[in-house]
Every structure is written in C-alpha cells, then in structure tokens.
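Step one of this worksheet: look at the structure below.
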Amino acid sequence: MAGTLRPENVGSSQRVIGWVHRRRNLGGLYFLDLRDRSGLLQLSFGPDWTDAASLEAVREIGSETVIAAEGEVALRPDPNPELATGSVEVRVRTLRVVNTALSPAIPVYRTPEEDSPSEELRLRHRMLDLRRPELQRTLELRHRLVLDARNYMSARGFLEIETPILTKPTPEGARDYLVPSRVHPGEFYALPQSPQLYKQILMAAGFDRYFQIARCFRDEDLRADRQPEFTQIDVEASFITPDDIFAWMEGLMASLAGVAGIEARLPFPRLTWRESMERYGSDRPDLRWGVEIRDWTGVLAGSESTILRAAVEDGGRIRGLLLEGGAVLSRREIEVVEAQAKAVGAPGLLWLKSGPEGLSGPAARFVSEFVAEELGIRRGDLVLVAAGPDRVTSPALSAARAAVIAALGLPREREEAWLWVMEFPLFEEDAGRLLPGHHPFVQPHPSDLETLDHDPERARGLAYDMVYNGAELGSGSIRIHDASLQERVFRLLGIGGEEVDRKFGHLLRALRVGAPPHGGIALGMDRIVKMFTDSASLRDVIAFPKTTAARALFEGAPSHVRSEDLAELGIRPAEE
RNA sequence: GGGGCUGUAGCUCAGCUGGUUAGAGUGCCGGUCUGUCACACCGGAGGUCGCGGGUUCGAGUCCCGUCAGCCCCGCCA
C-alpha cells in the first residue's frame with residue numbers, strides 16, 4: 001500500500017497502484033502524489049531514472065487517473081513532514097496508466113482554506129466525495145465500531161438474529177414506508193420502523209439474549225440528525241432489570257468509545273426524567289456544562305410584574321438561569337438567546353444584568369437590589385427568567401441554556417458527558433387523548449401500577465434514554481410481558497376490542513403462551529458515529545445518505561415507474 | 001404543513017442604491033522551467049446569472065411563482 005512506505009523501505013523496489021491526487025510539473029522533473037486508502041505517497045519522475053515512454057505519459061496525466069508505477073524507494077532530500085510517507089518517495093522507472101479519469105466535477109483534493117463544494121454536488125458525485133480521506137476514515141471507523149459491537153454482544157451470549165424487512169404496518173408512531181404486494185393487490189407491507197415487535201416475539205420464543213445491527217425506516221421529515229433509513233444496535237434480553245441493560249450498554253459504549261479514542265467513565269450518571277426536566281428543561285441535557293435551571297417562584301411571585309404574577313396565579317412557575325459573568329453580553333446578544341426560547345414556543349424571556357451601574361434590563365424594574373441578592377445575583381451576572389407552565393418554561397430554558405452557553409463561550413467542564421435519563425412518563429396528553437410516551441409496550445413503574453387507570457398521566461414507565469453530550473444515542477424500556485396488563489394499556493390509549501386483535505393480535509398471542517419478563521434498548525449507530533467523529537451531519541457518516549427531502553441524488557431515487565408496473569401492483573396514481 | 005438561508009464559469013465566491021463588453025481564485029487547455037510538495041511564471045478557452053412569469057426604456061440586481069440544497073418549528077410511538 002502506497003501510504004505505508006517508510007525509511008526502512010529505502011532501496012527496495014516497489015510497485016504501487018492508486019489515484020493521481022496532485023501533480024507538479026517542473027519541466028524536466030515531475031512529482032505526483034499517489035493516493036490509495038492507506039494515504040499519500042510522492043512519486044518522482046526524471047530522465048535519469050524514468051524510462052522515456054513513462055516520462056511522456058506522466059506529462060499528460062490528469063488528476064484521479066488510476067496508475068500503476070514501479071521503482072525504487074528513496075529518501076527525499078527535502079522531506080515533507082505533513083505526510084506519513086513524507087521522508088521517502090518512489091523514484092519511478094515505469095508508469096502504466098490503468099484507467100484515465102475525466103476531469104472531476106468536484107475536487108477530491110482541497111486546500112485547507114478552500115470551502116467544500118455544496119452538499120448537493122457532493123451527494124450527486126458521491127464516489128468522488130467518498131475518496132476524500134475524512135470520509136474514508138469515518139467509514140473505516142464505522143466498520144470498526146460495528147465489528148466491535150458485534151464482538152462485544154456475542155461475547156456476552158447475545159445472538160444476532162435477522163428480522164423481516166417486509167413487515168406489517170405499524171398503526172401508531174411514525175409514518176411507514178409502504179411496499180405494495182403484487183400477489184395480493186390492494187395490500188401492503190411496511191418497512192420496519194424498528195424490529196420492536198419481532199424482538200419481543202423472539203423473547204417469547206426463548207432467545208433470551210438477542211441483538212441485531214438493524215436497518216430501520218421512518219417516513220418523516222428530516223433533520224441534520226435524522227435520515228429516513230438508519231441503523232440501530234438493537235438489543236433485547238429476558239429476565240432482566242434496567243440495571244442489567246445499563247451495565248451491558250455502559251460496557252458496550254466504553255468499548256466503542258475506546259475504538260474511537262474517546263473517554264467513557266463508568267458508571268454513567270443517572271437522572272430521572274422529572275429531575276432532568278427540572279434541572280435542565282430537557283430529557284437530553286448536555287452535561288458538559290453545569291449550568292442549571294433554578295426555581296424562583298417563591299422570590300418573584302410577589303413582584304410587581306403582572307406577567308410573573310399572572311403566570312403563577314395560573315398555576316405556573318417562575319424559573320430561570322443565572323449566568324456568572326453573563327453581563328458581558330450586549331442587549332443584542334441576549335435577544336439572540338431569547339429568540340431561541342421563542343423558537344420553541346415561549347412568549348419571551350425576562351432578563352436582568354448586574355453591571356457596574358447597578359441592575360439593568362427588562363426585569364430591572366421589579367427586581368430590587370434586595371431581591372437580586374436573594375436570587376444570588378452578583379456584580380457581572382446575567383439572569384434569564386421564564387414564567388408559565390413547565391411545558392413552556394422547560395423547553396424555553398433548555399434552548400436558552402444552550403444559546404447562552406454558546407454566546408458566552410463558556411468552557412466545557414468535561415469533554416464527554418454520558419447520562420441515563422430514566423422513568424419517562426408512560427403517556428403524554430394530546431388534545432385530551434393519551435398517547436404513548438415512548439411506545440405502547442413499556443412496563444409501567446411498579447409503584448404506579450395501582451393508580452394507572454385513574455391517574456395515567458402521572459404514571460412513569462420503566463423506560464430510559466442514553467444521552468451523550470446532549471444527543472440521544474439510545475432509547476429502551478422494560479416491556480409488558482403480561483397480556484392483561486398490555487390490554488389495560490391499550491384501553492387507556494383508546495385502542496380496544498377488535499382493533500387490538502387486528503393490530504396487535506400477534507403480540508398478545510405471544511404474551512399469552514408464557515412470555516418471559518423482558519426488556520431492551522436500541523442505540524442509534526449513525527448518531528454514535530456522528531458524535532464520535534464530531535461530524536456536522538448524519539450525511540457525513542453514511543456512505544449513501546439522502547437529502548432533507550429524502551432524495552438520493554447519486555442514483556436518483558425515488559423515481560417514477562412505468563404505469564404497467566403500477567397496474568401489476570393494483571395501484572392507480574391519484575388524479576392531479 | 002410552516003418559517004429562514006442559499007442558487008452567478010467545472011468548483012468556491014464577488015457583483016454597491018436596476019444601467020451598456022458579468023469579475024476573482026482555483027480547476028481545465030497551451031507554453032517555459034531538474035527537487036517540487038497549495039511548485040512558480042506566461043498565455044487561453046470557459047456563463048440559458050436554477051427555471052417560469054411580471055414591473056421597467058433597461059433586470060444577475062426589484063416583485064410573484066416554481067424547482068433544488070441546507071437549517072429550524074411541527075412531525076419523528
């Protein structure tokens with residue numbers, strides 16, 4: 001391999017093959033950087049050591065052409081410390097052009113100052129973009145992570161079992177990708193949103209430790225951290241508690257982090273969902289910074305602000321953030337932070353700076369020096385205040401927390417912040433209707449079983465998320481293994497009678513024939529690679545990703561099909 | 001479904017309040033050059049200004065629509 005040659009190879013004859021990365025033509029001498037997966041290697045060509053035909057050939061060679069060269073490894077008079085092979089070169093005797101390349105539509109080589117070509121072009125010419133060392137390294141790391149995950153799980157007795165890609169549509173949750181059946185016109189398969197039900201049925205079947213590197217599909221609108229098809233490390237086990245899952249997954253993450261050269265201190269800290277929302281306003285707080293939300297209802301409820309008083313009278317609370325030294329932010333900078341809170345639905349933030357001339361800002365009118373002291377404000381501090389129900393203030397303060405940390409450029413208190421968030425609410429309410437907080441198979445918390453029917457909104461589930469640096473890397477739960485409890489939960493969700501049978505009959509049949517207690521988790525493989533490589537987008541960790549409109553630009557999917565093909569599937573396009 | 005940003009040479013970008021031959025860097029083509037490594041130097045070609053419509057004497061520039069890419073809200077059990 002070209003990138004592996006070192007001074008100890010000097011004097012040996014080598015044959016190397018790869019791509020023309022860059023070429024330098026000095027008239028009589030030519031230098032050419034050869035690239036393969038292992039790295040770059042300089043080839044030199046000159047009349048004293050290169051045959052005439054090869055010298056002629058190198059004159060005309062273009063970048064990205066595939067060449068084979070043969071010659072002697074020699075020390076370079078002037079080494080290049082930026083290359084691993086920088087102290088040697090191959091002095092080429094003969095050169096063979098293996099396959100000429102058209103001038104590339106986007107450059108593979110870029111100078112450090114040069115901006116990337118647009119994402120659109122990078123995706124359209126994916127084979128060129130993937131030649132870049134960064135993406136080569138990322139995909140190699142991804143391979144090593146997946147391999148490590150398989151070895152880790154296998155070593156602990158977990159069996160990798162494949163589950164169907166053509167499955168039954170899921171009634172709730174994300175939109176399914178549907179696949180028409182030719183044999184049964186008018187009927188459809190769905191691509192799996194996850195192997196959730198299959199892995200539970202595998203538990204019922206007695207495969208007490210299962211895992212799978214599973215492809216999942218969800219037809220929802222996309223984001224930088226969301227792709228329509230993505231990969232999960234899917235795990236399920238029988239006769240276990242959440243602690244078993246935590247221990248296995250902490251070990252797995254420590255092992256994966258080790259592969260990526262990242263620290264994972266065990267055990268991961270744990271927060272209940274309630275506590276996480278209280279202290280950080282989010283179910284996936286970024287604990288690289290310690291800033292916490294405070295409850296100032298007691299101190300500020302009696303203030304002269306009608307906004308604050310009204311919020312409390314309506315049953316809300318007054319909560320906020322205290323940023324030491326935050327008064328350096330200008331009004332304009334604080335308004336940018338406030339905009340982030342507004343973007344998630346807050347009417348606004350009240351704020352207060354404690355400067356050399358005393359208190360200033362919109363909240364200064366009703367906060368006396370005395371109250372400021374009670375809040376713990378000192379000279380140079382900034383306070384951001386939100387008032388209202390928790391469902392408004394929590395997201396607002398979470399967004400404001402991230403924005404103000406960024407605005408102040410606060411130093412991280414740790415580089416790697418791992419976390420379990422547990423005891424998620426079993427249900428969430430939407431327009432008077434109960435929806436599953438996670439999915440409908442989560443085991444209710446044992447302490448909440450009795451009150452489940454008359455106070456379902458307060459019920460907690462044995463569900464947990466793994467969080468790393470503010471990103472949700474995985475999510476799981478202990479599942480319901482008792483058919484009658486499962487039916488109770490379906491009833492609370494408004495799924496009853498014949499509908500249960502039609503949608504979940506296969507699950508209930510499995511639970512009724514001796515299903516063991518079981519639970520599991522699914523980790524987002526793509527997100528793990530994204531976080532470990534500090535990539536800006538999931539598109540940078542997937543070989544062939546889709547655009548935000550779910551298009552594949554390289555091959556051009558989705559695409560129209562012939563009407564005969566549709567007719568065979570019993571499908572008629574809707575009239576425009 | 002909603003909001004925002006972007007679209008000008010192969011690529012990355014500039015183009016002020018509308019004004020006559022739309023520029024730069026890089027890549028590409030040709031030439032000079034024997035130790036370069038972002039080689040250097042000289043010369044050249046290369047543009048439906050995303051697309052459609054409108055306003056105007058005149059549109060890359062203003063307006064409307066549309067397509068594409070990106071970011072966010074909703075959505076993602």
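These numbers come from the heavy atoms of this one structure, side chains and all, not from hydrogens, waters or symmetry mates. Letters A, B, ... are given to chains in the order of the sequence lines, protein chains preceding strands, and every chain is numbered from 1.
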### Message
If you apply the rule side-chain hydrogen bond (donor to acceptor under 3.5 Å, both in side chains), what do you find for A/Thr163 with A/Gln212, and how did you get there?
### Response
CA-CA 9 Å; A/Thr163 53; A/Gln212 184 182 187; 3.1 Å; yes
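Contacts classified as salt bridge (charged side-chain N to carboxylate O under 4.0 Å, His left out) and involving residues 481-491 of chain A (residues at least two apart or in different chains) are given here: A/Asp453-A/Arg488, A/Glu487-A/Arg512.
Scored by the salt bridge (Lys or Arg N to Asp or Glu O under 4.0 Å) test, A/Asp526 finds A/Arg142 as partners (sequence neighbours excluded). For A/Tyr30, the ring pair (Phe, Tyr, Trp, His ring centres under 6.0 Å) test picks out no residue, with sequence neighbours left out. In this structure A/Asp221 satisfies the side chain to side chain donor-acceptor pair (under 3.5 Å) test with no other residue, sequence neighbours excluded. Not counting sequence neighbours, the partners of A/Ser477 by the side chain to side chain donor-acceptor pair (under 3.5 Å) test are A/Arg479. Looking at residues two or more places apart in sequence or on another chain, you find a salt bridge (Lys or Arg N to Asp or Glu O under 4.0 Å) between A/Glu220 and A/Arg175. The salt bridge (Lys or Arg N to Asp or Glu O under 4.0 Å) check on A/Glu423 picks up A/Arg460, with sequence neighbours excluded.
In this model, a donor atom of one side chain and an acceptor atom of the other lie less than 3.5 Å apart for A/Ser13 and A/Arg93. For the residue pair A/Tyr210 and A/Asp234, a side-chain donor N or O sits within less than 3.5 Å of a side-chain acceptor on the partner. Checked by atom type, the side-chain pair A/Ser54/A/Asp51 shows a donor-acceptor distance below 3.5 Å. Remark: the A/Ser44 side chain and the A/Gln42 side chain contain no N/O donor-acceptor pair separated by less than 3.5 Å.
Taking atom CG of residue A/Leu538 and atom P of nucleotide B/C72, one finds them 12 Å apart after rounding to whole Å. Atom NE2 of A/His439 is separated from atom C1' of B/C76 by 15 Å (rounded to the nearest Å). Look at CD on A/Glu89: it is 12 Å from C1' on B/U34, rounded to the nearest Å. Nucleotide B/C76 holds its C1' atom 12 Å from the CD atom of A/Gln232, rounded to whole Å. With rounding to whole Å, A/Lys342 atom NZ is found 15 Å from B/G3 atom C1'. One interatomic measurement links the two molecules: CG of A/Leu435 to C1' of B/C76, which rounds to 13 Å at whole-angstrom precision. Distance CG (A/Asp225) to C1' (B/C70): 14 Å, rounded to an integer number of Å.
Here the closest heavy-atom approach between residue A/Ser38 and residue A/Gly3 is recorded as OG-N, 2.7 Å. Between A/Thr85 and A/Ala2, the shortest heavy-atom distance links the atoms CG2-O, 3.7 Å.
The same atom, P, is picked in B/C76 and in B/C5; the two are 27 Å apart, to the nearest Å. Here, B/U66 and B/G23 have their P atoms 34 Å apart, quoted to the whole Å. Distance check on atom C1': B/C39 versus B/G3 gives 49 Å, rounded to whole Å. The gap from the P atom of B/C11 to that of B/G27 amounts to 15 Å, rounded to the nearest Å. Here the separation of B/A22 from B/C16, taken at their P atoms, is 15 Å to the nearest Å. Nucleotides B/A24 and B/C41, compared at atom P, are 16 Å apart to the nearest Å. Rounded to whole Å, the C1' atom of B/G4 lies 30 Å from the corresponding atom of B/G10. A gap of 11 Å separates the C1' atoms of B/G47 and B/G60, to the nearest Å.
A/Arg91 contributes a side-chain N or O that forms a donor-acceptor pair with the base of B/G35 under 3.5 Å. Looking at A/Arg226, its side chain comes within 3.5 Å of the base of B/C76 through a donor and an acceptor atom. For A/Glu120 against B/G50, a side-chain-to-base donor-acceptor contact under 3.5 Å is absent.
As judged by a 4.0 angstrom heavy-atom cut-off over every strand, A/Gly437 is placed among residues touching the sugar-phosphate backbone only. Within the nucleic acid shown, A/Glu64 has no heavy atom closer than 4.0 Å to any nucleic acid atom. In this structure, A/Pro436 reaches the sugar-phosphate backbone alone: every heavy-atom distance under 4.0 Å involves primed, P, OP1 or OP2 atoms, never a base.
When both distances must be under 3.5 Å, the Watson-Crick or G-U wobble mate of B/U21 does not exist. Across all strands shown, B/C29 is found opposite B/G43 as a Watson-Crick or G-U wobble partner, with both distances under 3.5 Å. Pairing for B/C5 goes to B/G69, judged as Watson-Crick or G-U wobble with the two contacts each under 3.5 Å. Pairing for B/G58 is absent, with no Watson-Crick or G-U wobble pair whose two atom distances lie under 3.5 Å. In this entry B/C16 has no Watson-Crick or G-U wobble partner, no candidate having both defining distances under 3.5 Å. Summarising the base pairing, B/U48 is matched to no nucleotide, lacking a Watson-Crick or G-U wobble pair whose two defining distances lie under 3.5 Å.
Looking at the side chain of A/Phe31, the nearest of the listed nucleotides B/C71, B/A68, B/G35 is B/G35.
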Can you pull every protein N or O that's under 3.5 Å from an N or O on nucleotides 37-41 of chain B?
from  : atom 1 : to       : atom 2 : distance (Å)
B/C37 : O4'    : A/Arg24  : NE     : 3.1
B/C37 : O2     : A/Arg76  : NH2    : 2.7
B/C37 : O2     : A/Asn80  : ND2    : 3.1
B/C37 : N3     : A/Arg76  : NH2    : 2.3
B/C37 : N4     : A/Asp78  : O      : 2.3
B/A38 : O4'    : A/Tyr109 : OH     : 3.2
B/A38 : O3'    : A/Arg22  : NH2    : 2.9
B/A38 : N6     : A/Glu113 : OE1    : 3.3
B/C39 : OP1    : A/Arg22  : NE     : 3.1
B/C39 : OP1    : A/Arg22  : NH2    : 2.1
B/C39 : OP2    : A/Arg22  : NE     : 2.8
B/C39 : OP2    : A/Arg24  : NH1    : 3.3
B/C39 : N4     : A/Asn25  : O      : 2.0

Polar atom pairs (N or O), protein with nucleotides 5-14 of chain B, under 3.5 Å:
from  : atom 1 : to       : atom 2 : distance (Å)
B/G10 : O2'    : A/Ala105 : O      : 2.7
B/U12 : OP1    : A/Ser118 : N      : 2.6
B/U12 : O2'    : A/Asp115 : OD2    : 3.4

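Residues from residues 189-201 of chain A placing a heavy atom under 4.0 Å of any atom in RNA chain B, listed by number, are A/Ser194, A/Gln196. Contacts between residues 543-550 of chain A and RNA chain B, counted as heavy-atom distances below 4.0 Å, involve A/Thr547, A/Thr548, A/Ala549.
Between A/Glu236 and A/Leu202 the shortest side-chain heavy-atom distance does not fall below 4.5 Å. No side-chain heavy atom of A/Pro164 sits less than 4.5 Å from a side-chain heavy atom of A/Pro195.
Contact annotation: A/Arg223 side-chain N/O to B/C70 OP1/OP2 distance is not under 4.0 Å.
Position along RNA chain B of the nearest nucleotide to A/Gly62 versus A/Asp221 favours A/Gly62 as the more 5'-ward residue.
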Expected list for residues 548-555 of chain A: side-chain donor-acceptor pairs under 3.5 angstrom, two or more places apart:
none

